[in-house]
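For clarity, every value in this text was computed on a predicted model and none was experimentally measured. Per chain, numbering begins at 1; letters A, B, ... match sequence-line order.
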There are 2 protein chains.
Amino acid sequence: MESALQAGRFDVIVLDVMMPGTDGLTLCRRLREKSATPVIMLTAAATETDRVVGLEIGADDYVTKPFSPRELLARIRVQLRRAQAAPGAGRQVPNSCYRFEGWTLDPARRTLVSPAGALVEVTSGEFDLLLAFVTHPRMILTRDQLLDLAHGRAANVFDRSIDVQVSRLRRKIEVNPSDPLLIRTVRAGGYMFTPQVDTVDQDDGP
Amino acid sequence: MESALQAGRFDVIVLDVMMPGTDGLTLCRRLREKSATPVIMLTAAATETDRVVGLEIGADDYVTKPFSPRELLARIRVQLRRAQAAPGAGRQVPNSCYRFEGWTLDPARRTLVSPAGALVEVTSGEFDLLLAFVTHPRMILTRDQLLDLAHGRAANVFDRSIDVQVSRLRRKIEVNPSDPLLIRTVRAGGYMFTPQVDTVDQDDGP
DNA sequence: GCCGTTTGTAACGCTCCGTTACAAGGTGGC
DNA sequence: GCCACCTTGTAACGGAGCGTTACAAACGGC
């Protein structure tokens, strides 16, 4: 769980109490120290005290076994709805941008600025692909990974869409698109974004 | 209840379903139209469907009779804790407004003032849409979410009304409506409001 | 009821992107 | 070196997503 939490964002965590190893209550308390992700405890430990303790510790809801799947779903939706309604919550994009080789990619504005300072028009798909690259620089990314990172979907068997997107992106950011330096092809592997990428806090000045 | 709600602020509302006159579910739904005050349904109607419906309608929790007073207290505390943790919640001063890129949106007066200081006429629908954007900046909002946030309704299958509203809004606030920077389109995703938004207490003038 | 405003829907045209096809380039066996 | 096979680059096509306009329905002020 800990490594999964490191890797990505989660909307809701449903936690059993009775588990081998660390028990759910301890996990929940530890979670609360670092994160505000909603936690629903789901457990057979159904005494009044168990429930009160679970809720006091930081759980957002407490469902006891046996439980109704529909009700659990409804309670999960309550947590999602709340996260969405909360001001400033949700998956807001970070207020910082990425710089590489003079280029600036701004996730907040979804813009790309060339070394010369010109706004380069990129399509939504090209932007997402480039964002996937700059957030994973200097590592070989398979087409599968890129498709997942950029478009959140899995690849079909003969999927060549990433190749085409890369080709289109190269035309816009490579000095010489037929001899690409930024996005290198790794034969039988995928692609690799070669520049060093710096994350800089955006100047939101007037 | 209605007059009490008019009179003051409440942190949590505990609502019975079975009541003479208007039933709790209807009350809850009506509440949700105007307010985000947490609602805990407390009732003897304990079937699975009752609970699911209650939660779907907008209740934040659903406790069935017979209930443990300690557990109810714990669940009330969960709601209080959440309200406190939510940034900007509770403190929602009616006469504060939103500023972005020189623009000022004033929810209290329902007015929009341009960077130059001119009052820009926006329709009620455009205002609600813009309000949805400024309260959820820098996150990709689906058409569904926008429709819900701005008009409180769900989308039909071929609903394009948000597109049209966005187009109309862009005409009024974008420097170059054909190359929009404030409201960006995320293809197959929705729209994103890109500026940083500051909440400022309004100067109600001399 | 009448008229102006607002808003949802339909329609058209443009852009974007996935797919396909084919050519070019790389790789390994001989 | 030569050849067959695999991988990749890119052009072209067509479908889907989107922006915009026009029009009709709904709404509100009088």
Side-chain angles (χ1 to χ4, degrees), chain A residues 110-112 120-132 140-193, chain B residues 110-112 120-132 140-193:
Chain A
R110 292 185 72 87
T111 55
L112 174 66
V120 175
E121 301 240 352
V122 285
T123 69
S124 200
E126 287 160 3
F127 182 90
D128 290 336
L129 179 61
L130 187 52
L131 189 62
I140 298 169
L141 294 167
T142 66
R143 290 171 173 72
D144 256 330
Q145 289 176 304
L146 285 167
L147 207 52
D148 186 36
L149 287 167
H151 299 86
R153 66 179 183 87
N156 303 326
V157 195
F158 295 112
D159 210 317
R160 299 287 312 281
S161 57
I162 284 295
D163 297 59
V164 180
Q165 280 285 45
V166 166
S167 168
R168 286 168 179 154
L169 190 52
R170 277 173 172 162
R171 245 176 282 173
K172 298 193 179 177
I173 66 171
E174 294 280 359
V175 178
N176 180 9
S178 55
D179 178 23
L181 294 174
L182 301 178
I183 304 173
R184 314 261 336 200
T185 304
V186 180
R187 195 182 168 80
Y191 296 95
M192 187 168 79
F193 193 67
Chain B
R110 292 185 71 86
T111 55
L112 176 65
V120 175
E121 302 241 350
V122 286
T123 69
S124 184
E126 287 160 5
F127 184 90
D128 290 337
L129 179 61
L130 186 52
L131 189 62
I140 298 167
L141 295 167
T142 65
R143 290 172 172 71
D144 255 329
Q145 290 176 306
L146 285 167
L147 209 52
D148 185 36
L149 288 167
H151 300 78
R153 65 179 184 85
N156 303 326
V157 193
F158 295 112
D159 209 319
R160 298 284 313 279
S161 57
I162 283 294
D163 297 58
V164 181
Q165 282 284 45
V166 166
S167 170
R168 286 168 178 153
L169 192 51
R170 275 173 174 162
R171 239 177 290 170
K172 299 192 179 177
I173 66 171
E174 293 280 359
V175 178
N176 180 11
S178 57
D179 178 23
L181 292 174
L182 302 179
I183 303 173
R184 305 224 45 155
T185 304
V186 181
R187 178 171 247 258
Y191 296 95
M192 188 170 82
F193 191 67

Between P on D/dG9 and CZ on A/F158, what's the gap in Å once rounded to a whole number?
18 Å
Verdict with reasoning, B/D128 to B/R110, per salt bridge (Lys or Arg N to Asp or Glu O under 4.0 Å)
CA-CA 9 Å; B/D128 290 337; B/R110 292 185 71 86; 2.9 Å; yes
Distances for protein N or O near nucleotides 2-6 of chain C N or O, under 3.5 Å:
none

Which protein N or O atoms sit under 3.5 Å from an N or O of nucleotides 3-7 of chain D?
from	atom 1	to	atom 2	distance (Å)
D/dC6	O2	A/R187	NH2	3.2
D/dT7	O4'	A/R187	NH2	3.1

Here the distance between atom C1' of C/dG8 and atom CG of B/D163, to the nearest Å, is 12 Å
Readout for nucleotides 24-30 of chain D: B = base within 4.0 Å of protein heavy atom, S = sugar-phosphate only, - = neither; 5' to 3' it is -------
Quick one: salt bridge (Lys or Arg N to Asp or Glu O under 4.0 Å) pairs with a partner in residues 157-170 of chain B, sequence neighbours left out?
B/R143-B/D163, B/R153-B/D159, B/R160-B/D163
By nearest heavy atom, map A/E126 and A/R160 onto DNA chain C; which one lands nearer the 5' end?
A/E126
Would you say D/dG17 has OP1 or OP2 under 4.0 Å from some side-chain N or O of B/Y191?
no
Over 12 non-hydrogen atoms of neighbours within 6.0 angstrom of CD in B/E174:
yes
Look at the side-chain N and O atoms of A/T185 and state whether any lies under 4.0 Å from the OP1 or OP2 oxygen of D/dG9.
yes
Check: A/F127 and A/T111 side chains under 4.5 Å, non-hydrogen atoms
no
Give the angle between the helix axes at the two ends of the helix from C/dG1-D/dC30 to C/dC30-D/dG1, taking five base pairs at each end and rounding to 10°.
30°
Measure from CG on A/D128 to C1' on C/dG18 and round the result to the nearest Å.
15 Å
Quickly work out the A/R184 CZ to C/dG25 C1' distance and round it to whole Å.
15 Å
Separation of D/dG17 P from B/D159 CG (nearest whole Å):
15 Å
Whole angstroms only, please: what is the CD1-P distance between A/I183 and D/dT8?
15 Å
Please give me every residue in residues 164-175 of chain A whose heavy atoms get under 4.0 Å of an atom in DNA chain D, ordered by residue number.
A/V164, A/S167, A/R168, A/R170, A/R171
Within this structure, what is the CD1-to-P distance between A/I162 and C/dG18, rounded to whole angstrom?
8 Å
At 4.0 Å (heavy atoms only), tell me whether B/F127 reaches a base, stays on the sugar-phosphate, or touches nothing.
nothing
Enter the distance from A/L131:CG to A/L112:CG here, rounded to the nearest 0.5 Å.
11.0 Å
How long is the line joining CG of A/L129 and P of C/dG18, in whole Å?
10 Å
